[in-house]
Asker: 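Encoded as structure tokens, here's the structure I'll be asking about.
Note that this is a predicted model, so its numbers are computed, not measured. Atoms within each ligand, like the ligands themselves, are counted from 1 in listed order.
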Amino acid sequence: MLDAMTSELTPNRAALREQLAAPLALPAAAVAAYRQNGYVKLKQVLSPEVIAFYGSVISRKVVELNTDHTPLAERDTYGKAFLQIMNIWEQDETVREFSFSPRLARIAAELMGVAGVRLYHDQALYKEPGGGVTPWHVDQFYWPLSNSNTCTVWVPLQATPLALGPLAFSIGSQIFDKGRELPIGDDSEKQMAFKLKDFPVDETPFDLGEVSFHAGWTFHRASPNTSDRSRAVMTVIYIEDGIKLTAPRHKNHEADWARWMPGAQIGEAVATPLNPVLYRRSEAPR
Ligand SMILES: O=C(O)CCC(=O)C(=O)O
């Protein structure tokens with residue numbers, strides 16, 4: 001129904017879909033930067049029209065699906081960092097179009113240098129006005145996966161100046177193996193601020209249409225939102241097509257297995273219905 005309504009309101013809907021599908025030429029320097037630094041920020045990946053249309057649909061779903069109405073002051077550090085609404089693609093066809101974007105998935109595959117990627121999950125991360133710090137952490141701590149070919153695209157749904165808390169990266173930290181076992185929280189923020197002190201930090205605004213891709217082992221954080229409006233962000237996590245489920249080593253692994261890869265077998269490639277292929281390089285003609 002929502003899909004039908006938004007189609008009527010948006011005469012150039014087909015053009016928006018086309019943009020999400022069309023490949024974007026990735027400069028060799030971007031691939032080199034991703035591999036050296038563990039992340040890359042890319043400007044003009046999505047047009048203001050695409051951001052405005054899908055952003056408004058995603059924001060509506062965030063309001064509809066959010067169940068956390070606790071005042072900010074009463075939440076813990078994780079709860080203050082953002083409203084987190086996961087796998088919206090399962091709930092809404094229009095959001096699925098966005099999360100399954102072949103353009104974004106292809107960039108992820110090319111940055112990682114893999115032939116194909118599958119979905120791990122999507123998530124909206126809305127840092128509310130007055131929302132707190134997103135503590136230093138690495139994502140792959142949470143994921144029981146067999147290699148490091150994992151990557152997240154972070155798509156701000158508005159231009160994101162420093163006051164809104166743009167994602168910030170510890171440059172080159174994907175090779176740093178200390179502190180990877182720290183779940184996101186006060187302790188990870190405190191310990192990693194110290195441990196990562198020799199790595200420079202990239203904390204810069206995002207233009208409208210600019211997105212970042214970061215690797216699963218790259219340390220990142222975001223400052224508080226000191227503005228009076230929400231920092232709306234959509235993310236999609238990609239895993240290499242062929243990556244395997246590993247035996248869970250802690251409760252976060254157990255939870256991720258159950259939620260994002262239900263029915264996957266330890267030691268076998270992750271390919272459940274919740275992990276569709278989002279991009280696969282076509283074979284060169286013989
Ligand atoms: O948006 C944020 O504040 C944090 C995002 C993040 O940690 C991620 O996408 O991996």
Side-chain angles (χ1 to χ4, degrees), residues 34 37-42 45 51 55 58-59 62 66 68 72 75-89 98-99 104 107-108 111-112 119-143 145 148-171 173-174 179-180 182-186 188-189 192-193 196 201-206 210-227 229-239 252 256 260:
Y34 176 86
N37 299 332
Y39 77 99
V40 67
K41 290 175 73 167
L42 301 170
V45 170
I51 298 284
I58 291 165
S59 291
V62 166
N66 175 44
D68 189 355
L72 264 176
R75 299 187 211 155
D76 64 7
T77 299
Y78 194 109
K80 284 183 178 129
F82 38 62
L83 298 176
Q84 180 178 28
I85 313 291
M86 300 160 109
N87 259 19
I88 309 181
W89 73 268
F98 186 88
S99 296
L104 297 177
I107 296 173
L111 291 173
M112 291 192 281
L119 178 69
Y120 192 59
H121 65 78
D122 71 20
Q123 59 182 339
L125 296 170
Y126 278 47
K127 201 181 273 298
E128 296 151 280
V133 62
T134 306
W136 282 116
H137 68 284
V138 285
D139 302 329
Q140 199 149 343
F141 159 73
Y142 291 93
W143 306 337
L145 298 170
S148 52
N149 285 327
T150 64
C151 159
T152 300
V153 64
W154 194 84
V155 184
L157 302 172
Q158 68 288 298
T160 306
L162 291 179
L164 263 66
L167 198 59
F169 305 93
S170 174
I171 303 173
S173 61
Q174 77 280 9
R180 286 181 169 184
L182 295 170
I184 184 169
D186 291 327
S188 70
E189 173 69 2
M192 295 322 295
L196 293 168
V201 175
D202 177 356
E203 184 175 31
T204 45
F206 282 67
E210 183 173 4
V211 309
S212 62
F213 287 81
H214 65 268
W217 290 118
T218 302
F219 282 92
H220 53 284
R221 79 187 281 281
S223 289
N225 180 355
T226 56
S227 83
R229 62 199 166 107
S230 273
R231 185 215 66 183
V233 166
M234 186 61 172
T235 69
V236 183
I237 301 166
Y238 305 97
I239 53 178
N252 294 293
D256 264 42
W260 310 125

Asker: So, does D139 sit close enough to ligand 1 that a heavy atom of it is under 4.0 Å from the ligand?
Answerer: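 So D139 counts as touching ligand 1.
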Asker: Parallel, tilted or perpendicular, judged at 30° and 60°: which one describes the rings of W154 and F206?
Answerer: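 Correct class here is tilted.
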Asker: Please report whether ligand 1 has a polar contact with T152, defined as an N or O pair separated by less than 3.5 Å (distance criterion only).
Answerer: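 For ligand 1, there is no N or O atom that lies under 3.5 Å from one belonging to T152.
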Asker: Residue-level breakdown please: for H220 versus ligand 1, do any non-hydrogen atoms fall below 4.0 Å on the side chain, on the backbone, on both, or on neither?
Answerer: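 H220 to ligand 1: side-chain contact only, backbone stays beyond 4.0 Å.
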Asker: State the CG-CG distance between N225 and L162, to the nearest 0.5 angstrom.
Answerer: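 With rounding to 0.5 Å, CG (N225) is 11.5 Å from CG (L162).
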Asker: Return the option from R231, M234, H137, K127 holding the heavy atom at the smallest distance from atom 1 (O) of ligand 1.
Answerer: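 Comparing heavy atoms across R231, M234, H137, K127, the nearest one to atom 1 (O) of ligand 1 lies in R231.
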Asker: Out of all atoms in ligand 1, which are within 4.0 Å of some heavy atom of A222? Include the element for each.
Answerer: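 Under 4.0 Å from A222, ligand 1 has these atoms: 3 (O).
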Asker: Measure Q123 to ligand 1 on non-hydrogen atoms and call it side chain, backbone, both or neither using the 4.0 Å cut-off.
Answerer: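 Within the 4.0 Å criterion, Q123 makes no contact with ligand 1.
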Asker: Using a 4.0 Å cut-off to any heavy atom of L167, which atoms of ligand 1 qualify?
Answerer: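 In order of numbering, the contacting atoms are 4 (C), 5 (C).
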Asker: I'd like to know if H214 contacts ligand 1, where contact means a heavy-atom distance under 4.0 Å to any ligand atom.
Answerer: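 Heavy atoms of H214 do come under 4.0 Å of ligand 1.
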Asker: Under 4.0 Å, heavy-atom basis, I'd like to know which part of I184 is in contact with ligand 1: side chain, backbone, both or neither.
Answerer: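 Neither; nothing of I184 gets under 4.0 Å from ligand 1.
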Asker: Do the side-chain N and O atoms of D256 and H121 include a donor-acceptor pair separated by under 3.5 angstrom?
Answerer: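 Short answer, no.
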Asker: Would you call the rings of F213 and Y238 parallel, tilted or perpendicular if under 30° counts as parallel and over 60° as perpendicular?
Answerer: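 Parallel: the ring planes of F213 and Y238 meet at under 30°.
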Asker: If you round to the nearest 0.5 Å, how far is CG of L164 from OG of S223?
Answerer: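 So the gap between those two atoms works out to 11.5 Å.
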Asker: Rounded at 0.5 Å granularity, tell me how far OH in Y126 sits from CD1 in I58.
Answerer: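 Rounded to the nearest 0.5 Å, the OH-CD1 separation comes out at 6.0 Å.
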Asker: Among all the protein's non-hydrogen atoms, which is closest to atom 3 (O) of ligand 1, and how far away is it?
Answerer: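 Closest protein heavy atom to atom 3 (O) of ligand 1: T134 OG1, 2.7 Å.
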Asker: Check for a donor-acceptor pair, side chain of S227 on one end and backbone N or O of R229 on the other, with a separation under 3.5 Å.
Answerer: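 Yes; judged by distance alone, with no hydrogens or angles, the pair exists.
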